[in-house]
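Report on the following structure.
Computed from a prediction, not measured in an experiment: that's the story for all the values here.
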Amino acid sequence: MIDLELIRKRPDFVRERLRLRDEGLVKLVDEALELDQERRRVIREEEELRALRNKKSKEIGLLKRQGKDTKALEEDLKNIRVKVEKIHEERERLEEKLKRVLLSIPNLPHESVPYGEDERDNVEVRKFGEPKKGKVLPHWEIGEKLKILDFKGGSTLSGSRFTVVRGFGAKLERALINFMLDLHTSKGYEEVLPPHLVREEILIGTGQLPKFEEELYKVERDGLYLIPTAEVPLVNLFRGKTLKEEELTLKLTSYTPCYRREAGSYGKDVRGIIRQHQFNKVELVKITREEDSYKELESLVRDAEEVLKLLELPYRVVLLCSGDLGFSATKTYDIEVWFPSQNKYREVSSCSNCEDFQSRRINLKYRTSDGKKRFAHTLNGSGLAVGRTLASILENYQTKDGKVEVPKVLKEYMGGKTFVV
RNA sequence: GGAGAGGUGGCCGAGGGGUCGAAGGCGGCCGCUUGCUAAGCGGCAGAGGGGUAACCCCCCUCCGAGGGUUCGAAUCCCUCCCUCUCCGCCA
């Protein structure tokens, strides 16, 4: 949630920044301003009445103790109460409306974010490794051949976009998870194993709700949602907290499956395991002071890149343009790994600074040395999407005779196995 | 699933219709005292919102959440949520 005060004091700035994302967002600012003005008018009215009521009520208390008659005053106050109730209802209606508008306004792009409409305008910032050319089987073909990806099994059990990983494929995926977690924890990230089912307000806290309901799996009976990313539980772990400045930056890492309905992506990536309703991901989260968050974003990206470097997979880092930014982010780097069969880079990580956008929603603050409270900044990034990394290994480490070599750094996690055959 | 207990300020904990934003304790901050420390003494401190250019200040709201009763609710009534304990079941 962006700061209402900012909208009030610098509406043009907010409009201009939102326009970078989408022209259509500008009207939300005007809506918020109007509602806010109206709301404050009503608040003033209500509070005047309440002040009057409180004063007279106290009088009644005094008079009663002196044994005096208070009938007239009481009648008087009954009328005031009716008025207060009426105006209070109006105030609640307005506040509810305003809140809905505020919760649906995305975060403002950072000044360093290039303008653009969609992913075509993203800017490549650096590259690592040499993209492998020449013919390789797409990961779904080699995966089926080696009997490690069972698409039939997945659809039997759960339908489309579900896949069963078997045998050494399963072991390789587990190796990847362990490798990633070990790497990140060695750099000071605390490992966390959170619940995968969370309450509605938790998803509001990180920005998935109220806008993206259709992307989420919901367990109706218990009112719980399956997490679409570990970012959700990890960031919300700190909701309502006031942290000490000295304990920042907090760094967390977590392996969880992610559950996404992928509504509106019909026909995209229907083959293979690039786009699944359930996939494994190792996530990185940081909670920082406001003056550190951009520096920490850079190092977060480096920490995620490190995984690909050590796996010796060619990748590039891309700075997202304004139009491609996610809802809660001010600035995002995607890391894309090379897929030889598709002759292109595909996203395996998305690292974002959300500044105080989520902190406002979950009321996460820290106390500075001079005793002031400030909203903390939150950052998140994949480190990495495990399924896609596995798919990329199946292609980049494919041998001419149809085997897949185990990347060096994973060998110790694979019981010494060097090839998947 | 059954039975019970409970949710009050940073923490512990009292208060059971008006003078209660809330005793007391711990912790915090600022003084004073004091070889140092400790102790002691005195004082100051909640959050959100509205009014204001801003401050002082004034006002409103907040005792898990939401309703209700009342002139007036932390306190009485209803609903819900959460936590804990015991029993049962279960990996």
Check: Rounded to whole angstrom units, what separation is found between the NZ atom of A/Lys58 and the P atom of B/G72?
Finding: 15 Å
Next item on the list: Would you mind pulling out the nucleotide paired to B/A47, Watson-Crick or G-U wobble, both distances under 3.5 Å?
Entry: B/U61
Note to self: Using the C1' atom as the point on both nucleotides, what is the distance between B/G2 and B/G10, in whole Å?
What the structure shows: 38 Å
Margin query: Between P on B/G66 and CD on A/Glu96, what's the gap in Å once rounded to a whole number?
Written below: 12 Å
Notebook entry, point to check: Closer to the 5' end of RNA chain B via nearest nucleotide, is it A/Asp36 or A/Lys9?
Noted result: A/Asp36
Next item on the list: Quote, to the nearest angstrom, the P distance that separates B/A74 from B/C20.
Entry: 13 Å
Item checked: Phosphate OP1/OP2 of B/U61: any A/Arg50 side-chain N/O under 4.0 Å -> yes
Margin query: Looking only at the side chains, is there a donor atom on one of A/Tyr255 and A/Asn178 sitting less than 3.5 Å from an acceptor on the other?
Written below: no
Margin query: With a 4.5 Å cut-off on side-chain heavy atoms, are A/Phe327 and A/Asn107 touching?
Written below: no
Note to self: Could you tell me if A/Thr249 and A/Thr288 have a donor-acceptor pair between their side chains, going purely by distance under 3.5 Å?
What the structure shows: no
Notebook entry, point to check: Using the C1' atom in both, what is the distance from B/G31 to B/G24, to the nearest Å?
Noted result: 24 Å
Checklist line | Pairwise C1' distance, B/C41 and B/A5 [rounded to whole Å] | finding: 42 Å
Notebook entry, point to check: To the nearest 0.5 Å, how far apart are CD in A/Glu245 and NZ in A/Lys373?
Noted result: 14.0 Å
Notebook entry, point to check: Between A/Arg81 and B/C71, does any side-chain N or O lie under 4.0 Å from OP1 or OP2?
Noted result: yes
Check: Are A/Glu296 and A/Lys286 close enough for a salt bridge, meaning some N to O gap below 4.0 Å?
Finding: yes
Notebook entry, point to check: Would you say B/U70 has OP1 or OP2 under 4.0 Å from some side-chain N or O of A/Arg53?
Noted result: no
Item checked: side-chain N/O A/Arg8 vs B/G50 OP1/OP2, d < 4.0 Å -> yes
Check: In whole angstrom, what separates A/Ile60's CD1 from B/G17's P?
Finding: 19 Å
Next item on the list: Return no unless some side-chain N or O of A/Arg39 is found under 4.0 Å from OP1 or OP2 of B/G50.
Entry: yes
Item checked: Spacing of the C1' atoms in B/C58 and B/G64 (rounded, Å) -> 31 Å
Item checked: Nearest-angstrom distance, P atom, B/C76 to B/C89 -> 38 Å
Check: For A/Lys56, which contact category applies under a 4.0 Å heavy-atom criterion: base, sugar-phosphate, or nothing?
Finding: nothing
Margin query: Can you tell me the base-pairing partner of B/C20? Count Watson-Crick or G-U wobble geometry only, both distances below 3.5 Å, and say none if there is no partner.
Written below: none
Item checked: Side chain to side chain, A/Arg289 and A/Tyr366, heavy atoms closer than 4.5 Å -> yes
Checklist line | Minimal non-hydrogen separation, A/His88 against A/Glu46, with atom names | finding: ND1-OE2, 2.9 Å
Notebook entry, point to check: For A/Leu73 and B/G72, what is the distance between atoms CG and P respectively, to the nearest whole Å?
Noted result: 12 Å
Notebook entry, point to check: NA contact type, A/Glu92, heavy-atom cut-off 4.0 Å: base, sugar-phosphate, or nothing?
Noted result: sugar-phosphate
Check: Would one find a side-chain N or O of A/Asn54 under 4.0 angstrom from OP1 or OP2 of B/C59?
Finding: no
Check: Going by the angle between their ring planes, with limits at 30° and 60°, are A/His277 and A/Phe162 parallel, tilted or perpendicular?
Finding: tilted
Item checked: Syn/anti label of B/G72 as read from its glycosidic torsion, with the cut at 90° from 0 -> anti
Next item on the list: Ignoring backbone atoms, establish whether A/Arg40 has a side-chain N or O less than 4.0 Å from OP1 or OP2 of B/G51.
Entry: yes
Checklist line | Length of the CZ-P vector between A/Arg239 and B/A47, whole Å | finding: 20 Å
Note to self: Nearest whole Å is fine: how far is B/G50 P from A/Arg91 CZ?
What the structure shows: 9 Å
Next item on the list: Write down the distance separating the P atoms in B/U85 and B/C26, rounded off to the nearest Å.
Entry: 29 Å
Check: Can you tell me the Watson-Crick or wobble partner of B/U70, both distances under 3.5 angstrom?
Finding: none
Check: Which base sits across from B/A5 as a Watson-Crick or G-U pair, both distances under 3.5 Å?
Finding: B/U83
Check: Between the base of B/G72 and the side chain of A/Glu74, is there any donor-acceptor pair under 3.5 Å?
Finding: no
Next item on the list: Check whether any side-chain N or O of A/Lys365 sits under 4.0 Å from OP1 or OP2 of B/G48, and answer yes or no.
Entry: yes
Check: Rounding to a whole Å, what distance do you find between A/Ile87:CD1 and B/C59:P?
Finding: 21 Å
Check: A/Glu48 has an atom CD; how far is it from atom P of B/C58, in whole Å?
Finding: 17 Å
Next item on the list: Ignoring backbone atoms, establish whether A/Lys78 has a side-chain N or O less than 4.0 Å from OP1 or OP2 of B/C71.
Entry: yes
Checklist line | Closest to side chain of A/Arg199, choosing from B/G50, B/C82, B/G18 | finding: B/C82
Notebook entry, point to check: P atom, B/A73 versus B/G66: distance in rounded Å?
Noted result: 15 Å
